[in-house]
Amino acid sequence: MASPALICDTQPWKDLKAHVEDIKKTHLRDLMNDSERCKSMMLEIDGLLLDYSRQCATQDTMEKLFRLAEAAHLKQKINSMYSGEHINSTENRSVLHVALRASRDKVICSDGKNVVPDVWKVLDRISEFSERVRSGSWVGVTGKALKDVIAVGIGGSFLGPLFVHTALQTDPEAIQCAKGRQLRFLANVDPIDVAKSITGLNPETTLAVVVSKTFTTAETMLNARTLREWISAALGPQAVAKHMVAVSTNLTLVEKFGIDPNNAFAFWDWVGGRYSVCSAVGVLPLSLQYGFPVVEKFLKGASSIDQNFHSAPFEKNIPVLLGLLSIWNVSFLGYPARAILPYSQALEKFAPHIQQVSMESNGKGISIDGVQLPYEAGEIDFGEPGTNGQHSFYQLIHQGRVIPCDFIGVVKSQQPVYLKGELVSNHDELMSNFFAQPDALAYGKTPEQLLNENVPQHLIPHKTFSGNRPSLSLLLPSLNAYNIGQLLAIYEHRIAVEGFIWGINSFDQWGVELGKSLASQVRKQLNASRTKGEPVEGFNFSTTTMLNKYLES
Ligand code: F6P
């Protein structure tokens, strides 16, 4: 049987491989002088400005990438996603996170059933429940209002909600809505994280939201049992019904745990964990903190990008353009990493979230048809807000390895400050860096320029910057709930585009299983050694030695 076609066997892929030689002869210093080219590499959609003119690419490159997208049947794959086909074939599931932010009148089907009414049923329940908690009509077992929430969950049941919460925390409208309330997260099974999450909180005024798609994740369940104990020890076991609620696709296990199923908020197996922030996973804790109307704006922002992704032609489609450029950088130019550099402290948890969405989705070595990939898929994502990152790893980006950068800037600060006598406002100071860094990377600095500046000869090699380092810039009008939703959806879809082109399944995550099962073997051993004094057995020399050392005390 002939093996299924891989994208690298297509003519557009081969053309792009050959095209690398053309691009190697160019330098961004020159490419940036071509204003026609630059104009064609800027796009404004729904208040967002994308500028990808500092990519090591020409209009010819873009044409070739569009042909690659055709060869990969990108349009058909996007349509299959929106029409609820089981594109997550290894788990036999639809991939419909777009339905989570669809307006009420939309029809999006999974297995022949329109899922939008189910989505809104849960959203309406969340709206009603969060309002009851926030207004104090739902109270704890001692009659006190629940003003603090601990969201217990890990991975996709944590990182997205944390990113959105962190981004909203300094938004003026969200601040007003969150007055007197706290939202905390408990993710790590490390008991230190438990201690941090409950420090200063009173169980009488705390609501724990246990968030787990499967309701089997070892870390989350132990943390949930730990909080259950914290609540019961202080208020009695009957308090659990009033102080613990759940978000899960597994309502049977929620009930078994002891949480009233009436206090459970469902989502569905067609929502991947890392794509679940727009389900009850994010919407419940965020609505408890900020009220549903703010969260609804976030959903609308994501939905606006969903429309762009679904219906815009590729040259006007932000996620498609970004996805194709990532493919160009990783698979053709050989730059496997990407730095996510938001010039906004409010976006400090954006890169950690995208790390999971991107690397758990596309960190694959096998095609969706089970064929070993002869090329590397996936991207190594990392990032920090500017300007902090500048004082950390930018040295490497400027003079060490070539790492394509995403610069994300905001026109209007959430928290403007202008000090009398200062040259510029604090936000302008921040944004001066946002505008300067991409050019520093693109243009670099030549030995001739340094000579003209009378730099001593021996320092010239050290002060030379080769330039020609690609980046793209995304300018958001502001950072309100709507814009945060836009940003989330851009990256979610960009990552899907990459997976569609590489021909992998971006929606499964089998790679996380092996570590989990080995941990369970260690867990059994620790129990047997601690409770029955059994010797460490069945591990290699290294692990046995380490375990013995650990158990010694
Ligand atoms: O780390 C693996 C993973 O399965 C992620 O995909 C998921 O987001 C996380 O664990 C948490 O899973 P759950 O929501 O089922 O607890």
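Counting begins at 1 with the first residue of the sequence. Because the structure is a prediction, the values reported are computed rather than measured. As the structure lists them, so they are numbered: ligands from 1, and atoms in each ligand from 1.
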Test item, E219 contacting ligand 1 (heavy atom, 4.0 angstrom): no
Using salt bridge (Lys or Arg N to Asp or Glu O under 4.0 Å), reason through R101 and D306 one step at a time and then give a plain yes or no. CA-CA 9 Å; R101 50 246 189 168; D306 294 343; 2.8 Å; yes
Between W120 and F292, how do the two ring planes meet: parallel, tilted or perpendicular, split at 30° and 60°? perpendicular
Can you label the angle between the F507 ring and the H97 ring as parallel, tilted or perpendicular, going by 30° and 60°?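 F507 vs H97 ring planes: tilted.
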Looking at K213 and D269, is any side-chain nitrogen of the basic one under 4.0 Å from a carboxylate oxygen of the acidic one?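 Result for this pair is no, no salt bridge flagged.
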Tell me which part of T214 gets within contact of ligand 1: side chain, backbone, both or neither, using heavy atoms under 4.0 Å.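 Under 4.0 Å from ligand 1, T214 contributes backbone and side-chain atoms.
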Tell me the protein heavy atom at minimum distance from [atom], and give that distance in Å.
| atom | answer |
| --- | --- |
| atom 8 (O) of ligand 1 | G156 N, 2.7 Å |
| atom 5 (C) of ligand 1 | E360 OE1, 3.4 Å |
| atom 10 (O) of ligand 1 | K516 NZ, 4.4 Å |
| atom 12 (O) of ligand 1 | T217 OG1, 3.3 Å |

With heavy atoms of I154 as the reference, note each atom of ligand 1 found under 4.0 Å away.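 Those atoms are 9 (C), 11 (C).
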Please identify which atoms of ligand 1 are closer than 4.0 Å to at least one heavy atom of V512. 2 (C)
For the side chain of S361 and the backbone of S358, is there at least one donor-acceptor N/O pair under 3.5 Å apart? no
May I ask you to establish whether R125 and F265 are in a cation-pi arrangement, using a distance under 6.0 Å from NZ or CZ to the six-membered ring centre and at most 45° from the ring axis? yes
